[in-house]
Asker: 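My questions will all concern the structure given below.
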Amino acid sequence: MLVSVIIPAYEAEGLIARTVRSVLSQTYRELELVLVSDDQRDYLEVLASRGISDPRVRQISTGKYGGGAHRARNHGLDVARGELITHFDADDVMQPTRLEKLVPLAAESGAAYDWVAVVDEQSGDHLYTALESLTRMHIEEVFTSATPLIPLTRREHAAPRTEDLDLAEDVIANILLLDKLGPVPVHPEALWQYRIARGSMSHVGDSAAKYDEHYALIQTMLPMMPLSRTNRAMVNQGFIDKRALNSAYGKAAARHPGLTFQDYIAALRRGEDLAAS
């Protein structure tokens, strides 16, 4: 089965080569990598300058500069040829066996997840492992993961991302997927690294306020989403809880300059509440 890996790229020259190498080094070889330039750069040229040339890589463009990751992912989905689809960020890293281990699970169940290693980009420190101990992903885990969730999904279940959301559009995608499929397998191993680049949009000092704005917007959208009645109520409560956690992080970040959300989650896992200290 062909796997399409869709990677939006915006001002990504610094780390894109590492990410692409991690995809091309997969032990599962039947893949295509769709790079979606969202800044009108020629990333194939960037990759070639770093010794990367592979016929499995192709590039398209959104035709915009900073049009948004959600639109870039949708452009990629439109041209993807794979029977299985996964999205990836331009600064994260796949372990070599990720696709090999997820393809059988996703082919049988419609989708599959894995654990996530959260790593500080600058220091290389492992902050924590998200989803650790899970073997099935339920919809409520979307709100307790504290990281992006990147399933491998059969094409018929890979829906377009929600327009007009710059942040947290992956939350909606995972909610809708799990509402449709029910619990799906989680491979019990961290097969990709979520790299925390301090200063990026998701980790700057005002990120708590930005995310809260988007969570509030998503809550207004819930009545229009095709969710079961039971899941709709649970999802609404999940966003209430997520906003409370986000608010606590905002207080902690005000007291501890430079603190990222993932630093805060790692501290909570160690039993430290930085919002109260």
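The residues of the chain are indexed from 1 along the displayed sequence. Note that this is a predicted model, so its numbers are computed, not measured.
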Asker: Are Met234 and Leu134 connected in the hydrophobic side-chain network, where two residues link if heavy atoms are under 4.5 Å apart?
Answerer: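 Yes: a chain of side-chain contacts under 4.5 Å links Met234 to Leu134.
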Asker: Answer yes if Ile172 and Tyr215 sit in the same cluster of Ile, Leu, Val, Met, Phe, Trp and Tyr residues linked by side chain heavy atoms under 4.5 Å apart, and no otherwise.
Answerer: yes
Asker: Give the minimum heavy-atom separation between Arg269 and Ala130, together with the two atoms involved.
Answerer: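 Closest approach of Arg269 to Ala130: NH2-CA, 4.0 Å.
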Asker: Do Leu178 and His138 touch side chain to side chain, with heavy atoms closer than 4.5 Å?
Answerer: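 Not in contact.
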Asker: Mind running side chain to side chain contact (heavy atoms under 4.5 Å, CB included) on Thr153 and Leu181 for me, showing each step along the way?
Answerer: CA-CA 11 Å; Thr153 307; Leu181 294 179; 5.6 Å; no
Asker: What is the distance from atom CD of Gln237 to atom CZ of Phe239, rounded to the nearest 0.5 Å?
Answerer: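 Gln237 CD to Phe239 CZ: 12.0 Å, rounded to 0.5 Å.
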Asker: May I ask you to decide if Gly67's main-chain N or O and Thr62's side chain share a donor-acceptor pair within less than 3.5 Å?
Answerer: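 No; judged by distance alone, with no hydrogens or angles, the pair does not exist.
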Asker: CE of Met221 to CE of Met225: how many Å apart, nearest 0.5 Å?
Answerer: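 Met221 atom CE to Met225 atom CE measures 4.5 Å (nearest 0.5 Å).
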Asker: Closer than 3.5 angstrom, by distance alone: can the side chain of Gln26 be matched with the main-chain N or O of Gln95 as a donor-acceptor pair?
Answerer: yes
Asker: May I ask you to check whether Gln219 and Asn236 show a side-chain donor-acceptor distance below 3.5 Å?
Answerer: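 Result is yes, a qualifying pair exists.
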Asker: Quick one about Glu121 and Tyr194 (side-chain donor to acceptor, distance below 3.5 Å, no hydrogens or angles considered), yes or no?
Answerer: no
Asker: Any chance you could measure Leu268, atom CG, to Leu245, atom CG, to the nearest 0.5 Å?
Answerer: 6.5 Å
Asker: Scan side-chain atoms only and decide if Ser37 and Gln59 contain a donor-acceptor pair under the 3.5 Å cut-off.
Answerer: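 Their side chains do not contain a donor-acceptor pair, so the 3.5 Å distance test is not met.
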Asker: Within the 4.5 Å heavy-atom criterion, are Leu24 and Arg21 side-chain neighbours or not?
Answerer: no
Asker: Can Val116 and Glu132 be said to form a side chain to side chain contact (heavy atoms under 4.5 Å, CB included), step by step?
Answerer: CA-CA 8 Å; Val116 186; Glu132 197 169 23; over 6 Å; no
Asker: Treating Asn246 as the side-chain partner and Arg243 as the backbone partner, does any N or O pair qualify as donor plus acceptor under 3.5 Å?
Answerer: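 Side chain of Asn246 to backbone of Arg243: no pair is present.
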Asker: Are the side chain of Ser109 and the backbone of Ala111 linked by a donor-acceptor contact shorter than 3.5 Å?
Answerer: no
Asker: Counting distance only, does the side-chain N/O of Thr19 pair as donor-acceptor with the main-chain N or O of Ala90 below 3.5 Å?
Answerer: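 Yes.
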Asker: Taking the side chain as everything from C-beta on, heavy atoms only, tell me whether Glu11 gets closer than 4.5 Å to Tyr65.
Answerer: yes
Asker: Determine the minimum heavy-atom distance between Asp39 and Arg41, stating which atoms define it.
Answerer: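 For Asp39 versus Arg41, the nearest heavy atoms are OD2-NH1, 2.8 Å.
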Asker: Has Gln122 got more than 12 heavy atoms of other residues, nucleotides or ligands less than 6.0 Å from its CD?
Answerer: yes
Asker: State yes or no: do Val36 and Val5 share one hydrophobic cluster built from I, L, V, M, F, W and Y residues joined by side-chain heavy-atom distances below 4.5 Å, directly or via other members?
Answerer: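 No, it is not one cluster - the side chains of Val36 and Val5 are not joined through contacts under 4.5 Å.
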Asker: Would Ile6 and Phe88 count as a side chain to side chain contact (heavy atoms under 4.5 Å, CB included) if you check the C-alpha gap in whole Å, the side-chain angles of each, and the deciding distance to 0.1 Å?
Answerer: CA-CA 6 Å; Ile6 300 168; Phe88 213 53; over 6 Å; no
Asker: Say whether, by atom type as modelled, one donor and one acceptor occur between the side chain of Asp38 and the main chain of Gly68 under 3.5 angstrom.
Answerer: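 Answer holds: yes.
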Asker: Can you hop from Val34 to Leu44 via hydrophobic side chains spaced under 4.5 Å?
Answerer: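 Different hydrophobic clusters.
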Asker: Does Arg229, at its CZ atom, have more than 12 non-hydrogen atoms belonging to other residues, nucleotides or ligands within less than 6.0 Å?
Answerer: no
Asker: Counting C-beta onward and ignoring hydrogens, is there a side-chain heavy-atom pair between Gln193 and Met94 closer than 4.5 Å?
Answerer: no
Asker: Using a 4.5 Å cut-off on heavy atoms from C-beta on, say whether the side chain of Thr97 contacts that of Leu191.
Answerer: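 They are in side-chain contact.
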Asker: List the atom of Ala12, the atom of Tyr43, and the distance in Å for their closest heavy-atom pair.
Answerer: N-OH, 3.0 Å
Asker: Return yes if some donor-acceptor pair links the side-chain N/O of Trp115 with the main-chain N/O of Leu131 below 3.5 Å, else return no.
Answerer: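 Pair found, side chain donor or acceptor close to backbone of Leu131.
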Asker: Does a side-chain N-to-carboxylate-O contact under 4.0 Å join Arg58 and Glu32?
Answerer: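 So Arg58 pairs with Glu32 through a salt bridge.
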Asker: Is any side-chain heavy atom of Glu83 closer than 4.5 Å to a side-chain heavy atom of Glu156?
Answerer: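 When only atoms from C-beta onward are counted, Glu156 and Glu83 do not touch, as no gap falls below 4.5 Å.
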Asker: Please report the shortest heavy-atom distance between Arg232 and Leu227, naming the atom on each side.
Answerer: NH2-O, 3.0 Å
Asker: Determine whether more than 12 heavy atoms belonging to other residues, nucleotides or ligands lie under 6.0 Å from atom NZ of Lys251.
Answerer: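 It does not: Lys251 NZ has 12 such atoms or fewer within range.
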Asker: Say you draw a straight line from CG of Leu177 to CE of Met137; how long is it, rounded to the nearest 0.5 Å?
Answerer: 9.5 Å
Asker: Under a 4.0 Å threshold between the charged nitrogen and the carboxylate oxygen, would Arg195 count as salt-bridged to Asp92?
Answerer: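 Salt bridge between Asp92 and Arg195, a charged N being under 4.0 Å from a carboxylate O: no.
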Asker: State the NZ-OG distance between Lys242 and Ser247, to the nearest 0.5 angstrom.
Answerer: 14.0 Å
Asker: With side chain to side chain contact (heavy atoms under 4.5 Å, CB included) as the criterion, how do Ser22 and Trp192 come out once you've worked through the C-alpha distance, each side chain's angles and the decisive distance to 0.1 Å?
Answerer: CA-CA 10 Å; Ser22 78; Trp192 67 283; over 6 Å; no
Asker: Quick one: closest heavy-atom pair of Ala146 and Gln262, and the distance?
Answerer: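 Nearest heavy atoms, Ala146 then Gln262: O-NE2, 2.7 Å.
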Asker: Consider side-chain contact (heavy atoms from CB on, under 4.5 Å). Of Ile16, Ile7, Leu15, which one does Asp91 pass it with?
Answerer: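 Looking at Ile16, Ile7, Leu15, the match for Asp91 under the side-chain contact (heavy atoms from CB on, under 4.5 Å) is Leu15.
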Asker: Between Ala252 and Leu259, what is the shortest heavy-atom contact and its length?
Answerer: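 So the two residues come closest at CB-CD2, 3.7 Å.
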Asker: When clusters are formed by joining ILVMFWY residues with side-chain heavy atoms under 4.5 Å apart, either directly or through shared neighbours, do Val118 and Ile150 land in the same one?
Answerer: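 Val118 clusters together with Ile150.
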Asker: Among residues two or more places apart or on two chains, list those pairs meeting ring pair (Phe, Tyr, Trp, His ring centres under 6.0 Å) that have a residue in residues 15-41.
Answerer: none
Asker: Kindly indicate whether the side chain of Ile85, heavy atoms from C-beta on, has any atom under 4.5 Å from the side chain of Leu152.
Answerer: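 Not in contact.
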Asker: What's the spacing between Gln40 CD and Asp42 CG if we round to 0.5 Å?
Answerer: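 Output value for this atom pair is 12.0 Å.
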Asker: Would you say Glu189 and Asp114 make side-chain contact, with heavy atoms under 4.5 Å?
Answerer: no
Asker: Please, which pairs that meet side chain to side chain donor-acceptor pair (under 3.5 Å) have at least one residue in residues 168-184, sequence neighbours excluded?
Answerer: Arg73-Glu169, Tyr113-Asn174, His157-Lys180, Arg161-Glu169, Asp179-Ser228, Asp179-Asn231
Asker: Tracing side-chain links under 4.5 Å among I, L, V, M, F, W and Y, which residues wind up in one group with Val93?
Answerer: none
